[in-house]
Amino acid sequence: MTSVTRRLPILFALAAGLAVVCSLAWTFAWNKGIDTLRHDAAARGDRTTATLKSTLDRYESLPYIVGEHPLVRNVLADPRPDWIAQVNRYLEDVNRHAHATATYIIDSNGHCIAASNWRDADSFVGAQFRFRPYFMDAIKGEVGRFFGIGTISHEPGYFLSQPVLVGGRIIGVAVVKLDIEWFLGADAAEPLLVTDNHGVIFLSSVPAWKYHTMRTLSKGVVASIEETRQYARWALSPLPVHVERRLKDGVQIVRIGEGIVAPSYLETRRALGVPNWHIVTMSPLGPVIGSVRSATIMAGFGYGLLCLLVFYWRQRRARLNEMIRSREMLQEAYAMLNQRVAERTADLSQANENLRREVHERARAEAELRAAQDELIQASKLVALGQMAAGITHELNQPLAALRSFSDNTRVFLDRGQYAAANENLETIGALTERMGKIVNQLKLFVARPRPCGLRAPVASALRNALSLLDKRLACASVTVTIADRARDAAAAATALNSHDDYPDFLVQCDDLRLEQVLINLIGNALDAAAGASAPRIEIDIAAQSETLAIGVRDNGPGIPDEVIPRIFEPFFTTKEMGQGLGLGLAISSSIARDCGGSLTVQNASGGGARFVLTLPRAQAAPCGAPVAHP
Ligand code: ADP
């Protein structure tokens, strides 16, 4: 269903509503307009009727008064010329004072014997009025009232007549003619007519309607009018009046004229009584129709405006509802978003909490590990110390035995007085004690805690001390130790290292004892690995860069299996038998290298065996503390 088809019933309903509103407005305005018009016309009719009636009544008795005058009676009884002249003047005087058109006396034969207009050329004097109804009425003893066009003056007028009685006999008729043409001129804003008893319009504010009839006259009536010459030679044709609607109280809506453009009037009618005339008001309906049309148009516009307002209100309400719905949806979305954010925040908070817990756990584990590591370092040191103790015991036993032997010999030489030999022995004893002191010093160094300020270690000294500590084992295993590309045995290497001429004493940023510990570990492991070789060999090389120093320790042992390499720096990883190793050496060494800002790496050498490289940052000067410890 298209939107046009859907809206068709609404459009029909609106159109029907418009028709109803317009028709109601039209009816209401029409009734109101007609009522007002009726009211105004009634007032006007009453006013006009009263005015006309009072005017006519004022003159009603004038003919009687005239007829009662002795001169008039006399002249009617005996129309002598001098009396006629007197009566003429009298009538002239009366007529002037009464503001009548003409006042005249007619004898019983219908001849006018005296008139107020006796001086005028068209004087009534001598005229015959026998045929005039006002004469006929008066001669019969009645009051004659008649409107007609003068037969002599040809001027219309209202004729009032009274019989002149003398001794109960009618001897003549006194007549007063009044001009009432002025009458309608005063209130001629709207058509106003006066019709006679036959419906002939003899007074009209619309000149064209005058001497027409409101209805078609019968032939008899026409003949009687012609006989009395009431309206002279006027044809008295009927006015084209078409009754359109009859309302109550004799009021009707008429159209006067032919065709649809003929104007319509509201016709009201008032009977004057005596004479038998009618005052007819014709109120034009044009203004009423105009105002009805305006009211209908206004109502139509008002209805349209109302429809537009309703439409606007509905649209506005729909938009408002839409807005409210949108806002609700927005609020829902916002609430959902908030909920999601809250959930997400809760998740994140939870994750954060978990992370914090994990970090805490890790920190704790790390601390524990560190503690364990420290303990293990200590333990490792103790193991090394045990091994060293065994070595030192072994080392010290020999000089001690020698010392005992030399001191015994010296005592013998002194008893014999061989002082030179005794002195030589004493020198040997001194050398032996010095050597023992050195051995003990090594032990002291190893177990000592790192000095906080020892961050500059001379590499050569550390290497020398390490080799010196491992001297016995190296010798036992007949391992050849080469430093750089020079092949030396351990003793020679140590001797070479003692000479600063061969090796510049590089400084690295590390505690000297820790460096020694690392080197002892690397060389010790190399020694263990190479021990099974036919010609065991250990190669030590030192490569100095501008910022770092790399110490390589290579052996010609079996090398390290590929699957072992990733785990070799793990604590407690060892391939050695129980009691031979704890698997801590490399872990501790790697940790020391890291602590010093360096690294410890391993790879299998191309010619066989393993090669460890200790890289440490170089130190430029050694102002703080002694580079090595001395006994
Ligand atoms: P430990 O010597 O007490 O076993 P380390 O941490 O020093 O502990 O060494 C771990 C393991 O690494 C050794 O058990 C050994 O199997 C291997 N390893 C170390 N150095 C070498 C080397 N030069 N050649 C072959 N294997 C080595």
Side-chain angles (χ1 to χ4, degrees), residues 369-370 372-391 446-447 462-463 466-467 469-470 472-474 476-483 490 493 510 513-542 550-596 598-616:
L369 194 69
R370 232 173 244 289
Q373 202 177 30
D374 284 348
E375 280 174 19
L376 284 169
I377 288 169
Q378 263 333 92
S380 173
K381 279 184 180 177
L382 287 175
V383 170
L385 188 63
Q387 289 174 345
M388 270 198 313
F446 192 81
V447 295
L463 198 55
L467 286 171
L469 278 171
L470 294 167
K472 184 74 183 166
R473 287 178 62 203
L474 289 166
C476 276
S478 311
V479 177
T480 308
V481 177
T482 62
I483 297 181
C510 184
L513 285 180
R514 289 186 149 216
L515 179 61
E516 270 176 38
Q517 190 178 344
V518 174
L519 291 173
I520 286 166
N521 201 279
L522 293 178
I523 297 168
N525 278 345
L527 191 153
D528 287 341
S534 55
R537 197 173 69 247
I538 296 173
E539 293 170 9
I540 298 169
D541 61 275
I542 299 168
I551 304 166
V553 179
R554 180 192 169 179
D555 61 70
N556 62 344
I560 305 163
D562 287 342
E563 67 277 8
V564 170
I565 286 180
R567 301 186 55 205
I568 203 162
F569 294 107
E570 286 178 10
F572 303 109
F573 177 81
T574 180
T575 58
K576 293 174 185 171
E577 288 174 10
M578 258 315 237
Q580 294 295 310
L582 283 172
L584 285 171
L586 287 178
I588 292 166
S589 298
S590 169
S591 158
I592 290 170
R594 257 197 325 273
D595 288 348
C596 294
S599 65
L600 179 62
T601 58
V602 64
Q603 61 182 22
N604 284 316
S606 53
R611 183 169 185 266
F612 286 83
V613 178
L614 172 69
T615 308
L616 290 169

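Counting from 1, the numbers follow the sequence of the chain as shown. Remember, it's 1-based here, ligands and their atoms both numbered in the order they're listed.
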Asks: Run the numbers for me: atoms of ligand 1, each under 4.0 Å from some heavy atom of Phe573, listed by number.
Replies: 10 (C), 11 (C)
Asks: Which of the atoms in ligand 1, numbered in the order shown and given with their element, are less than 4.0 Å from a heavy-atom of Ile568?
Replies: 12 (O), 17 (C)
Asks: For Asn521, take its heavy atoms, then give the atoms of ligand 1 lying under 4.0 Å from any of them.
Replies: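 Near Asn521, the atoms of ligand 1 are 7 (O).
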Asks: Just jot down the ligand 1 atoms closer than 4.0 angstrom to any heavy atom of Gly559, in number order.
Replies: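 The atoms of ligand 1 under 4.0 Å from a heavy atom of Gly559 are 25 (C).
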Asks: Where is the tightest heavy-atom contact between Leu586 and Asn521, given as atom of each residue plus distance?
Replies: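 Nearest heavy atoms, Leu586 then Asn521: N-OD1, 3.7 Å.
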Asks: Which heavy atom of Pro536 sits nearest to which heavy atom of Ala530, and what is that distance?
Replies: CB-O, 3.1 Å
Asks: Output yes when the distance from some N or O of ligand 1 to some N or O of Ala529 is under 3.5 Å, and no in every other case.
Replies: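 No, Ala529 has no N/O under 3.5 Å of an N/O on ligand 1.
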Asks: Taking 4.0 angstrom as the limit and counting only heavy atoms of Thr574, give me the atoms of ligand 1 inside it, by number and element.
Replies: 1 (P), 4 (O), 14 (O)
Asks: Polar contacts were defined as any N/O atom of the residue lying under 3.5 Å from an N/O atom of the ligand; does this apply to Gly585 and ligand 1?
Replies: yes
Asks: Which atom names give the shortest non-hydrogen contact between Phe569 and Ser590, and what distance separates them?
Replies: CD2-CB, 3.7 Å
Asks: Before giving the answer on side chain to side chain contact (heavy atoms under 4.5 Å, CB included), spell out for Ile542 and Leu463 the whole-Å C-alpha distance, their side-chain angles and the decisive distance to 0.1 Å.
Replies: CA-CA 11 Å; Ile542 299 168; Leu463 198 55; 4.2 Å; yes
Asks: Can you sort out which atoms of ligand 1 are near Asp555, meaning under 4.0 Å from one of its heavy atoms?
Replies: 22 (C), 23 (N), 24 (N)
Asks: Report yes or no: does a heavy atom of Phe612 sit under 4.0 Å from some atom of ligand 1?
Replies: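 Contact check Phe612 vs ligand 1: positive.
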Asks: State, to 0.1 Å, how close Leu470 and Gly524 come at their nearest heavy-atom pair, and which atoms those are.
Replies: CD1-N, 3.9 Å
Asks: State the atoms of ligand 1, each with its element, that fall below the 4.0 Å cut-off from a heavy-atom position in Ile560.
Replies: 25 (C), 26 (N)
Asks: Please state which option from Val564, Asn525, Ile538 has its nearest heavy atom closest to atom 19 (C) of ligand 1.
Replies: Asn525
Asks: I'd like to check the side chain to side chain contact (heavy atoms under 4.5 Å, CB included) partners of Glu570; sequence neighbours left out, ordered by chain and number.
Replies: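 So Glu570 forms a side chain to side chain contact (heavy atoms under 4.5 Å, CB included) with Arg567, Phe573.
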Asks: Rounded to the nearest 0.5 Å, how far does CD1 of Ile568 lie from CG of Asn525?
Replies: 8.0 Å
Asks: Return all side-chain donor-acceptor pairs below 3.5 angstrom for residues 554-564, not counting sequence neighbours, or 'none' if the list is empty.
Replies:
unit_1, atom_1, unit_2, atom_2, d
Arg554, NH2, Gly608, O, 3.1
Asp555, OD1, Gly557, N, 2.7
Asp555, OD1, Ala610, N, 3.4
Asn556, OD1, Arg537, N, 3.0
Asn556, ND2, Ala535, O, 2.8

